Number of protein chains: 4
Amino acid sequence: MDQPQTDTGRAEEAQGDARDKTPRTERGRRTLRKLLDAAAVEFGERGFHEASISAITRRAGTALGSFYTYFDSKEEIFQALVRYMSEQLRDHVTPLVQAAPDEISAERIGLESYLGFVREHKEIYRIIDEAEFVDYASYRSHYETTVARVRQRLENGAARGEIRGDVSEIHAWAIGGMNVFLGMRYGLWDTESDISEIAAIANDLLANGLKKRD
Amino acid sequence: MDQPQTDTGRAEEAQGDARDKTPRTERGRRTLRKLLDAAAVEFGERGFHEASISAITRRAGTALGSFYTYFDSKEEIFQALVRYMSEQLRDHVTPLVQAAPDEISAERIGLESYLGFVREHKEIYRIIDEAEFVDYASYRSHYETTVARVRQRLENGAARGEIRGDVSEIHAWAIGGMNVFLGMRYGLWDTESDISEIAAIANDLLANGLKKRD
Amino acid sequence: MDQPQTDTGRAEEAQGDARDKTPRTERGRRTLRKLLDAAAVEFGERGFHEASISAITRRAGTALGSFYTYFDSKEEIFQALVRYMSEQLRDHVTPLVQAAPDEISAERIGLESYLGFVREHKEIYRIIDEAEFVDYASYRSHYETTVARVRQRLENGAARGEIRGDVSEIHAWAIGGMNVFLGMRYGLWDTESDISEIAAIANDLLANGLKKRD
Amino acid sequence: MDQPQTDTGRAEEAQGDARDKTPRTERGRRTLRKLLDAAAVEFGERGFHEASISAITRRAGTALGSFYTYFDSKEEIFQALVRYMSEQLRDHVTPLVQAAPDEISAERIGLESYLGFVREHKEIYRIIDEAEFVDYASYRSHYETTVARVRQRLENGAARGEIRGDVSEIHAWAIGGMNVFLGMRYGLWDTESDISEIAAIANDLLANGLKKRD
DNA sequence: AATGAATGAGGGTTCATTCAT
DNA sequence: TATGAATGAACCCTCATTCAT
């Protein structure tokens, strides 16, 4: 119980059959893409355990066996998907955040674009979250990477004198959690409220919390 | 992060087979208790889907069939457990929080006792979290109740002039998320750091964020 | 390639799920017996790899799942069967052999009863032989035990002065092989020839080969 | 244990798809050879049922599809291999046996060279033996041919007055079985003992058993 | 001839749930 | 109430074989 589910991290380890599953032909690449797309929908709709590989291939329009040309197991495609989606999420948010004039604004923009992304891609939120119980390593890695970015921004802001100087990893995790929970509440559950307003209010809390001391 | 739901009747209660499963004899009550204890360990260690009824009864030292004397399904015992643990968490945190001199302190104490509780009872954290994928109603209810308590404290604080007056549900969710994430990071993952210090730092962020405006 | 298929010996090792599969009720004992009988027929007719567990349970008149109440895998029931049949074979031959007046006669009677047994129970011959490719440990153990008995008889005969004194393990294996091959040729393939005559001829060869030297 | 079958046409030859799979080019011949070599290793190491076509082609360094340019099925290549190996065994033993001064010596030399061959080529022993459960016709043919050679030598010896005159097929099978078992025991399992000595001891048993009667 | 992706029947195995005692 | 055997739907995965290039 020290680190729950550490055993699900086994997927990274040496695989008995380490044949290269990268497609070599154009047709192969198309099939792989179809499988990943279908899996995203299936996992998003039914969750990892309710999802079946045959449903994935049915959606993808391929034979059942073709799945195993590209993946060794349901876990493996799930893992691939988690990592891919983690990247998609960051690719959506990063450029917007980088255009921000200062780090506090960056946090506001980050939260706002995150909320929008969750609303548009509920299946991505769900898949990443379910990784906690399927592929713990990817789950943890996703949040550690996310929080590391927050922390970097905080340190930049401190260095530039925009915010207080004593920011730490604890602040970064606090902010990360805030964002994720607001994503759940106002991205998944309540899809009516005004996203900008929510981001503005939360950011105001943050701005005061991080303001330079006198 | 305290005082989870009271057992206000919720929508999904209706059971197809409504026979009363409350034990009538002392022996029955003992069996039920053994099953719940065993299930907590089994679900905590292996997760809902890896856990099996037969493993639970094996741990409990009862026959497989006895399980169905008290529960209709694996989902049902899991649900019972989630609610029970939600209460346990509340029972641990509530009295400490209520003794706080002001609401900001209450938040600090709440976070600190939550972090401690997670460290002591990782299986409870895990079971409640996994409810997101097994018993969504209980999961949502747990966090809505938790956040409602936070919000109540914020409003009390505002009414008493301890903090700014424009606090809203958004603030409450932001704070709830902060607590949960810090629980994961410093309760589950890193079990070495000083809990008081973490709670103090996070609370300082909050105190500044919620300070009365001039 | 030193000892082919040593890995099939793994069945003896600690099993992850070491629950006791011995039936506790009379009904359970009946089911187990039905499964073993059905498996003997199925393996004997179709061989290990062609045999299917569902065919075994169909023959036994039980549900598919009941198979797994008593065995963990197809290999396991096969192993149980090999050992059981190895015993049956010995139980058939041993009493006859023990009644022989001298060791040379014992060998003749042993061969003759072996040939008869193979004719009556071709499936037993087949299952034991196929163990070479399914459960090597049992296969080897079967023949080592068989040959050990031959050797014991040879040594008894030598001690009593019935045969030459320099008999060794090599003689025992030679005789064992002789018997097995005659079993295949005149037990399995040609089921018309006179068994006593065959045993007499082979025994005469042996008697001369083992005669005391002058 | 020598001179297995010449390729006299046997009953099960008929192939549904009688297209000629003999390679026409030099490149084709090389591929065919690589496949056979790879199959010998794969079948020898893993056995027929554990072996997979894709593992064979992987070992051979060819594409999976290329297999079917030369063979119609897994059974077919196995059959080809059994016959080829049966010939290899014969080619190893025959010249040595033919140089023997008399038939009893021939048997000794045959056994000794057989034991040596098994030690060197365990995979060949295994593949021929497994044919009992994969390609029964080849298996039976192998041993019938082998025993026929033994019988021929016995009759030659009897005609020349080297051994007793009443030798029969039964004697030939007895001797064949003796050789095969000694091959298993001292060729496969125990690879330390002195082969010449074993052959000498077994041959002495035989020589006495077959000695002319007074 | 060679390549490697595609196919899908087939079978082993799990385990929540029911049932007879 | 307790027991433990019985049930069978569900699903993952393998891999021999075919096919398109």
Side-chain angles (χ1 to χ4, degrees), chain A residues 17 19 21 23-32 49-55 57 61-75, chain B residues 23-25 27-28 30-32 49-57 61-75, chain C residues 17 19-21 23-32 49-57 61-75, chain D residues 21 23-25 27-32 49-57 61-75:
Chain A
D17 183 3
R19 79 205 138 88
K21 286 176 264 86
R24 262 166 250 299
T25 68
E26 182 49 35
R27 191 186 177 200
R29 270 184 293 278
R30 267 203 315 277
T31 303
L32 174 56
H49 292 95
E50 292 287 311
S52 77
I53 292 180
S54 70
T57 54
T62 72
L64 173 58
S66 297
F67 177 90
Y68 293 92
T69 307
Y70 300 102
F71 302 98
D72 277 339
S73 65
K74 197 161 88 159
E75 276 77 10
Chain B
R24 262 167 239 309
T25 67
R27 187 187 179 201
R30 267 205 314 279
T31 303
L32 174 57
H49 291 95
E50 293 283 311
S52 72
I53 307 277
S54 73
I56 291 171
T57 54
T62 74
L64 176 53
S66 300
F67 178 89
Y68 290 89
T69 307
Y70 301 101
F71 301 97
D72 275 340
S73 68
K74 192 167 141 180
E75 275 77 10
Chain C
D17 183 3
R19 79 205 138 90
D20 187 4
K21 286 178 264 80
R24 260 166 254 296
T25 69
E26 183 50 36
R27 190 184 178 202
R29 271 184 292 276
R30 268 203 314 277
T31 304
L32 174 56
H49 291 96
E50 292 287 310
S52 77
I53 292 179
S54 69
I56 291 172
T57 54
T62 72
L64 175 54
S66 297
F67 177 89
Y68 292 92
T69 306
Y70 300 102
F71 302 98
D72 276 340
S73 65
K74 196 161 90 161
E75 276 77 10
Chain D
K21 284 173 271 81
R24 259 164 243 311
T25 68
R27 188 188 178 199
R29 266 185 296 279
R30 267 205 314 279
T31 303
L32 174 57
H49 291 96
E50 292 283 309
S52 73
I53 307 276
S54 74
I56 292 171
T57 54
T62 72
L64 176 54
S66 299
F67 178 89
Y68 290 89
T69 307
Y70 300 101
F71 302 97
D72 275 340
S73 68
K74 191 169 146 181
E75 274 78 10

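Predicted model, so just to flag it, every value in this text is computed and none were measured. Numbered from 1 within each chain, the chains take letters A, B, ... in sequence-line order. FYI, side chains are in, hydrogens and waters are out, and symmetry mates aren't considered; it's all heavy atoms of this structure.
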side-chain contact (heavy atoms from CB on, under 4.5 Å) between C:L32 and C:F71, intermediate numbers included: CA-CA 9 Å; C:L32 174 56; C:F71 302 98; 3.5 Å; yes

Would A:Y70 and A:T31 count as a side-chain contact (heavy atoms from CB on, under 4.5 Å) here? Give the steps. CA-CA 9 Å; A:Y70 300 102; A:T31 303; 3.8 Å; yes

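Contact annotation: A:Y68 does not reach the phosphate of F:dT14 (side-chain N/O to OP1 or OP2, under 4.0 Å). Taking side-chain N and O atoms only, C:S66 has a distance below 4.0 Å to OP1 or OP2 of F:dT7. Proximity of A:T31 to the phosphate of E:dA5: no side-chain N or O atom is located under 4.0 Å from OP1 or OP2.
The separation between C:R27 atom CZ and E:dT21 atom P is 7 Å, rounded to whole Å. Rounded to a whole Å, the OH atom of A:Y70 is 17 Å from the C1' atom of F:dC13. Regarding D:E50, its CD atom lies at a distance of 8 Å from the P atom of F:dC15, rounded to whole Å. Distance A:F67 CZ to F:dC11 C1': 12 Å, rounded to the nearest Å. One can place CD1 of A:I53 at 13 Å from C1' of F:dA10, the figure rounded to the nearest angstrom. Between A:K21 atom NZ and E:dG4 atom C1' there is a gap of 16 Å when expressed in whole angstrom units. Residue C:L64 contributes atom CG, which lies 13 Å from atom C1' of E:dG10 at whole-angstrom precision. Going from atom CD of C:E26 over to atom C1' of E:dT21 covers 14 Å, rounded to whole Å.
Across D:H49 and D:K74, no two heavy atoms sit closer than the pair O-NZ, 3.8 Å. A:P23 and A:G28 make their closest contact through CB-C, 3.5 Å (heavy atoms, listed as atom of the first residue, atom of the second, distance). Smallest separation of non-hydrogen atoms from B:I53 and B:L64: CG2-CD1, 3.8 Å.
Secondary-structure annotation of DNA chain E gives the stems E:2-21 with F:2-21, with a stem taken as at least 3 successive Watson-Crick or G-U pairs whose two distances both fall under 3.5 Å.
Side chain of A:K21 to backbone of A:Y68: no donor-acceptor contact under 3.5 angstrom is found.
Among the heavy atoms of the strands, none lies under 4.0 Å from A:A55. The residue A:S52 sits close only to the backbone: its heavy atoms come under 4.0 Å of sugar-phosphate atoms, none of a base.
For the pair B:E75 and C:A51, both in contact range of DNA chain E, the more 5′-proximal nearest nucleotide belongs to C:A51. When each of C:G65 and B:T25 is assigned the nucleotide of DNA chain F bearing its nearest heavy atom, the one mapping closer to the 5' terminus is B:T25. For the pair D:S73 and B:G28, nearest-nucleotide mapping onto DNA chain F gives the more 5' position to B:G28. Each of A:A63 and C:K74 was matched to the nucleotide of DNA chain E holding its nearest heavy atom; the match closer to the 5' end belongs to A:A63.
Atom CZ of C:R29 and atom CD of C:E26 lie 5.0 Å apart (nearest 0.5 Å).
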